[in-house]
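Single-structure report; data block below.
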Amino acid sequence: MESVSERTGGPADAVVVGIDSGGSGLRVALARAADRAVLGRSAAPGPVRTGPDGICAEHFLESVLPAVAALRARAGEERPVLAAAVGAAGMATLGGELRAVLPGAFAAAWGVRGTVLAADAVTAYAGALGPRPGAVVAGGTGLVALGTDLSSWRRADGWGHLLGDCGSGAWIGRAGLEAAMRAYDGRRGGSAALLARAEKLHGPAAGLPAALYPRADRPAVLAAFAPEVAACAADDPVAAAVLERAAEHIADAAEAACPPVPEAVVALTGGLFRLGEPLLAPLRAALADRLPGVRGVTPAGDPLDGAVSLAFSLAGGGTRFPEDPDLLRIA
C-alpha cells in the first residue's frame, strides 16, 4: 500500500483541513492526510459577514483560525498541514476577497502547500457523489444545483434569497410568512395556521417587518420558519401548496444542472430535505417528470466531507473535478 509520504510527499502524521461555510454557520474538520480519517470537528454559529467587497475574509478567519488551532492542539499540534479546502456559500459571486486573502493566510498560519477555494455547491457535490457524473441539489437556507460530466460544470440558481434560491429554506419560510400576513390582513391565500405559528415565534404579526427587515441574518431567520410550514402541510392546503411549489422549483434547478450523459445520477443534500415527506413526496414526483430515467442516489457525505475530500485529493497532487474561475480554484 502506498504510504502517505509516497502519496503526498509529506510526513506520515500530516493532516488536511476542510471548511464548510454556509448561511447558518461555519464548520471545520481536521483529517489525516494518509487516509482522510477525521480527527476532529468544530462549528461556529452564524453566517460569515458580507460587506462591500463580498464575503469578509477577516470575519471568516476570526472563526476558522482559532477553530483549527484547537483541533490541532487536540490532535497533536506538531502535525503539519499539507492542504486546505474551503467550500463557502456565495464564493462564486461574492468570494473575491476570500480568494485573494485565504491562501496567504493559511500558508502563514499552517504552512499549507495549497488551498482549494470552492463554492459550497462544489463541496456538496464532492461529498455527495465524489468524482462521478450527475447533479447535486444542495438545499439549506439557500439552494443551488450543480452538475458535471467531469469536464465542465453546470450551475442552476444559488443567486441568494432576493434573486433566487427558489425552493430553499428561506424561500419556503418567506412564502409561509407571506401566507401568515395574508391571513392577518384577511386577503385570499392566507393561512390561519401559519399565522398562529408566526405569532408564536415572532410576536404580533404587525411587528414582524420591523423585527425581520433590519437583521443581517434575515435569510436564516426566514429559513427557520420552513419547518413550521412543513408541520402544517398535512392539515393546511396553503402550507402544502407552498411545499409543492418549492418542489417544482427544486426540480427545475436539478433539470437545468444535470448533464445529458447516460450514467448521470442525482442526489439531494442539505438540511432542507430534513423537512421530510411534506417536501420529498412532491419533489420525487417533480424529479421523475423533469429527469425521467435519471437515478436518484443517497448522498455519500455532506459538504464538510466534500471539503475534506478535496483537501485530501489536493494533498495527493490534484482533484478529479474541473477547475473553474468562479466555482473551483486551486491556489
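For the numbers below, each heavy atom of this structure counts, side chains included, while hydrogens, waters and symmetry mates do not.
- Ion pairing between Asp13 and Arg79 fails under the 4.0 Å rule for side-chain N and carboxylate O.
- At least one cation-pi condition fails for Arg113 and Trp110: the charged atom is not both under 6.0 angstrom from the six-membered ring centre and inside a 45 degree cone around its axis.
- Using a 4.5 Å heavy-atom cutoff, the side chains of Glu323 and Ile330 are in contact.
- With Arg274 contributing its side chain and Pro227 its backbone, the two residues share no donor-acceptor pair below 3.5 Å.
- For His161 and Trp171, the distance between ring centers is not under 6.0 angstrom.
- Closest non-hydrogen pair, Leu129 versus Ala135, comes out as CD1-O, 3.9 Å.
- One N or O on the side chain of Arg329 and one on the backbone of Pro325 form a donor-acceptor pair closer than 3.5 Å.
- Between Cys232 and Ala193 the shortest heavy-atom distance is SG-CB, 4.0 Å.
- Ion pair Asp185/Arg182 not flagged as a salt bridge, since none of the NZ, NE, NH1 or NH2 atoms sits closer than 4.0 Å to an Asp/Glu carboxylate oxygen.
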- For Met91 and Leu98, what are the C-alpha separation, side-chain angles and deciding distance, and is it a side-chain contact (heavy atoms from CB on, under 4.5 Å)? CA-CA 8 Å; Met91 179 73 82; Leu98 292 185; 4.0 Å; yes

- Item | Audit row: Leu304, Val38, side-chain contact (heavy atoms from CB on, under 4.5 Å) steps and yes/no | CA-CA 11 Å; Leu304 184 57; Val38 173; over 6 Å; no

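- Contact of the Arg218 side chain with the Leu222 side chain is registered, since non-hydrogen atoms from C-beta on lie closer than 4.5 Å.
- With hydrogens and angles disregarded, no donor-acceptor distance shorter than 3.5 Å links the side chain of Tyr125 to the backbone of Ala145.
- Between Leu61 and Pro66, the shortest heavy-atom distance links the atoms O-CD, 3.6 Å.
- What you find for Pro131 and Arg320 is that their closest heavy atoms are CG-NH1, 3.7 Å.
- A distance-only check finds a donor-acceptor pair linking the side chain of Arg155 to the backbone of Asp157 [under 3.5 Å].
- No side-chain donor-acceptor contact under 3.5 Å links Ser313 to the backbone of Leu310.
- By the neighbour-count criterion of 12 heavy atoms within 6.0 Å, atom OH of Tyr184 is sparsely surrounded, having that number or fewer from other residues, nucleotides or ligands.
- Judged by distance alone, with hydrogens and angles left aside, the side-chain atoms of Ser309 form no donor-acceptor pair with the main-chain N or O of Asp305 at under 3.5 Å.
- Without hydrogens or angle criteria, Thr148 side chain to Ser152 main chain gives a donor-acceptor distance under 3.5 Å.
- In the hydrophobic clustering of ILVMFWY residues, with side-chain heavy atoms under 4.5 Å counting as a link, Phe60 and Leu30 come out together.
- Glu97 contributes a side-chain N or O that, together with a main-chain N or O of Ala57, makes up a donor-acceptor pair within less than 3.5 Å.
- Between Leu71 and Leu39 there is no side-chain heavy-atom pair separated by less than 4.5 Å.
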- Query: When you look at Val294 and Cys258, which way does the side-chain contact (heavy atoms from CB on, under 4.5 Å) test go after all the steps?
  - Reply: CA-CA 9 Å; Val294 176; Cys258 193; 4.3 Å; yes

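- The nearest pair of heavy atoms linking Leu194 to Glu228 is CD2-O, 4.1 Å.
- Without hydrogens or angle criteria, Arg27 side chain to Ala43 main chain gives no donor-acceptor distance under 3.5 Å.
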- Message: Under the criterion side-chain contact (heavy atoms from CB on, under 4.5 Å), I'd like the reasoning laid out for Arg284 against Leu280: C-alpha separation, chi angles, the key distance, then a yes or no.
- Response: CA-CA 6 Å; Arg284 284 192 292 267; Leu280 294 177; 3.8 Å; yes

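- Salt-bridge check for Arg290 with Glu248: passed, with a basic side-chain N closer than 4.0 Å to an acidic carboxylate O.
- The closest side-chain heavy-atom distance from Leu143 to Thr141 is not below 4.5 Å.
- The shortest side-chain heavy-atom distance between Leu327 and Leu146 falls under the 4.5 Å cut-off.
- With respect to the salt-bridge test (charged N to carboxylate O, under 4.0 angstrom), the residues Asp149 and Arg154 do not qualify.
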